[in-house]
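Written below as structure tokens is the structure these notes are about.
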Amino acid sequence: MLHAVVAEWWFTAALSLLAVALPAALMWARRGSRLRPGTHVLVTGGSKGLGLALALQCAERGCSVTIVARNKADLATALQQLQETAVAAATTLRAAGGAAAPAAKLQALSADTTDMTKVTKAFEEAERNAGPIDVLICNAGLSLPGLFVEQDVSAFELQMRVNYLGNVHSVKAALPGMLQRRAGRVVLVTSSLAILGFAGYSSYAASKWALRGLADCLRNELQGTGVEVSVAYPPDTDTPGYAQENASKPELCLAVNSALGSDLFTPDKVARLLLRGIERGQYHLPSADLGQNLLVSGMTSLSPKRFPLLVQVLLGPILPLATSVFGWIADRAATKHNTAHGMPPRR
Ligand SMILES: NC(=O)C1=CN([C@@H]2O[C@H](COP(=O)(O)OP(=O)(O)OC[C@H]3O[C@@H](n4cnc5c(N)ncnc54)[C@H](OP(=O)(O)O)[C@@H]3O)[C@@H](O)[C@H]2O)C=CC1
Ligand SMILES: CCCCCCCCCCCCCCCC(=O)[C@@H](N)CO
């Protein structure tokens, strides 16, 4: 008897789950930005690190790719890599019978994203050569870690200019065209530091939190226009930028970071997940790090949740507990370090 009741309960539960999951999955499949031959993807900061990994993987799919960065020599090296990747991709596509695929157009344009005029010019040139921008990936950015009391205001200004305003400029330049075509996707690359904050990142985190706010507002503002928004929160990723950042990380920052214990990921792996999320039309793009995904799912906002609602609800009570433990670990590491190093200095 009990057996039958339990079995029936499971059956009903499974059916209801299916009833919710199936339409949701179908809706999911319809949305998203397929990255196919002919799709034009523009990546700012595409000459190095994560941006280059994203650009190369788009070229692998046969997309037209534009990379924008400042240093011309780095751009030329990256373009060469893109061309090699595209040639290999075209050969594979042809072998698979895709002879009709449009030839991928690859270009590397030098522009500083902090300069609106230069961004506009570069994007116009990009569209002249490779057609309308279908997917804009705002990835250009830098991290200057430092303790608040030690860091100059100029570091706060620079990161705000590059990480926040630089991306405002890029979106400004690409969005009007997307709106006219009623199609397109804007991807903003923020950071895990847009969800949590700890010692050493006061200037960087603020610039990344600003982007998160921009993303939420833009997303709502663009509802029904055919233009969609995604946000990426990469974990620590092994890039030239990360190496540079590590060279100047305060000890306190390192102490808290290692107490929290996050992994270092390859740009390739991080990029692969981001592109998968873009193709699925996700707002919060997936991260290679489970903790990071959980943090995103625990964010309070009006934007869509990271996981399906049922999972979110089940996670509900767990997240405040888990984040409290990590918060306690971060504070204990900071207290220990500050106490040992006589911080704050006594008069
Ligand atoms: N690596 C990591 O651990 C993490 C990185 N991120 C974010 O991911 C993004 C990429 O990081 P990562 O690959 O590590 O960075 P890198 O420093 O390795 O590469 C940065 C890229 O951006 C370009 N760039 C920098 N400033 C400007 C500018 N003002 N105008 C135009 N292009 C610019 C650089 O080229 P050039 O200098 O020639 O202009 C380069 O192509 C950044 O926004 C970063 O904050 C987020 C979380 C973790
Ligand atoms: C359920 C709760 C789980 C909590 C997990 C906590 C994990 C914290 C990891 C902090 C990692 C910081 C990455 C910084 C990336 C970045 O932006 C810099 N490299 C700058 O470029």
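These values consider heavy atoms only, across backbone and side chains, with no hydrogens, waters or symmetry-generated copies. Counting convention: from 1, in listed order, for ligands and their atoms alike.
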Are [X] and ligand 1 in contact, using a heavy-atom cut-off of under 4.0 Å?
X    : value
L52  : no
K208 : yes
Y204 : yes
T44  : no
A232 : no

As an exercise, identify every atom of ligand 1 less than 4.0 angstrom from a heavy atom of [X].
X    : value
G49  : 13 (O), 18 (O)
S191 : 46 (C), 47 (C)
Y242 : 1 (N), 3 (O)
D112 : 28 (C), 29 (N), 30 (N)
D236 : 3 (O)
K48  : 19 (O), 35 (O), 37 (O), 40 (C), 41 (O)
S47  : 35 (O), 40 (C), 41 (O)

Do R61 and E279 sit within salt-bridge range, that is, some charged N less than 4.0 Å from a carboxylate O?
yes

Could D74 and K48 be called an ion pair, given the rule that one side-chain N must be under 4.0 Å from one carboxylate O?
yes

Can you list, pair by pair, the side-chain donor-acceptor contacts under 3.5 Å of residues 173-181, counting residues two or more places apart and other chains?
unit_1 : atom_1 : unit_2 : atom_2 : d
R181   : NH1    : G177   : O      : 3.3
R181   : NH2    : I133   : O      : 3.0

Just by modelled atom types, is the [Y] backbone N or O under 3.5 Å from a matching donor or acceptor in the [X] side chain?
X    : Y    : value
Q151 : L144 : yes
W209 : G197 : no
E127 : F123 : no
H40  : S64  : no
H284 : P304 : yes

Shortest heavy-atom approach to atom 31 (C) of ligand 1 - which of G45, A111, S207
A111

To atom 42 (C) of ligand 1, the nearest of V189, L188, N139 on a heavy-atom basis is N139

Flag side-chain contact, heavy atom, 4.5 Å: [X] against [Y]:
X    : Y    : value
M160 : E157 : no
E251 : H337 : yes
T113 : N167 : no

Shortest protein contact, [atom] (heavy atom only):
atom                    : answer
atom 47 (C) of ligand 1 : P234 O, 3.3 Å
atom 20 (C) of ligand 1 : G141 O, 4.1 Å
atom 46 (C) of ligand 1 : T190 O, 3.3 Å
atom 33 (C) of ligand 1 : A140 CB, 3.8 Å
atom 37 (O) of ligand 1 : R70 NH2, 2.8 Å
atom 15 (O) of ligand 1 : G241 CA, 4.1 Å
atom 32 (N) of ligand 1 : A69 CA, 3.5 Å

In terms of ring plane angle, is the pair Y201 and Y204 parallel, tilted or perpendicular, where the classes change at 30° and 60°?
tilted

Indicate whether any N or O donor in one side chain lies under 3.5 Å from an N or O acceptor in the other, for T237 and T239.
no

Do S287 and D289 get their side chains close enough for a donor-acceptor pair, meaning under 3.5 Å?
no

Any nitrogen or oxygen of [X], side chain or backbone, less than 3.5 Å from one on ligand 1?
X    : result
L50  : yes
T113 : yes
T237 : yes
N71  : yes
T239 : yes

So which of S207, S203, S191 actually passes side-chain hydrogen bond (donor to acceptor under 3.5 Å, both in side chains) with N163?
S207

Just do the salt bridge (Lys or Arg N to Asp or Glu O under 4.0 Å) check on R272 and D268 with the steps written out, would you?
CA-CA 6 Å; R272 209 158 288 286; D268 219 52; 3.5 Å; yes

Quick look: L193 vs ligand 1, heavy-atom contacts under 4.0 Å, and the answer is neither

Once you restrict to heavy atoms under 4.0 Å, what part of P235 touches ligand 1? Side chain, backbone, both or neither.
backbone

K121/E125 under salt bridge (Lys or Arg N to Asp or Glu O under 4.0 Å): CA gap, chis, key distance, verdict:
CA-CA 6 Å; K121 264 200 189 143; E125 188 179 341; over 6 Å; no

Run through the side-chain heavy atoms of Ile, Leu, Val, Met, Phe, Trp and Tyr, join any pair under 4.5 Å, and report what else lands in F148's cluster.
F156

Would you indicate whether L302, at its atom CG, is surrounded by more than 12 heavy atoms from other residues, nucleotides or ligands within a distance under 6.0 Å?
no

Could you list each N/O atom of ligand 2 together with any protein N/O atom closer than 3.5 Å, one pair per line with the distance?
unit_1   : atom_1 : unit_2 : atom_2 : d
ligand 2 : 17 (O) : S191   : OG     : 2.5
ligand 2 : 17 (O) : Y204   : OH     : 2.9
ligand 2 : 19 (N) : D236   : OD1    : 2.7
ligand 2 : 19 (N) : E245   : OE1    : 3.2
ligand 2 : 19 (N) : E245   : OE2    : 3.3
ligand 2 : 21 (O) : Y204   : OH     : 3.4
ligand 2 : 21 (O) : E245   : OE1    : 3.0

Go through the structure and list residues passing side chain to side chain contact (heavy atoms under 4.5 Å, CB included) with A215, not counting sequence neighbours.
L188, V229, V231, Y283

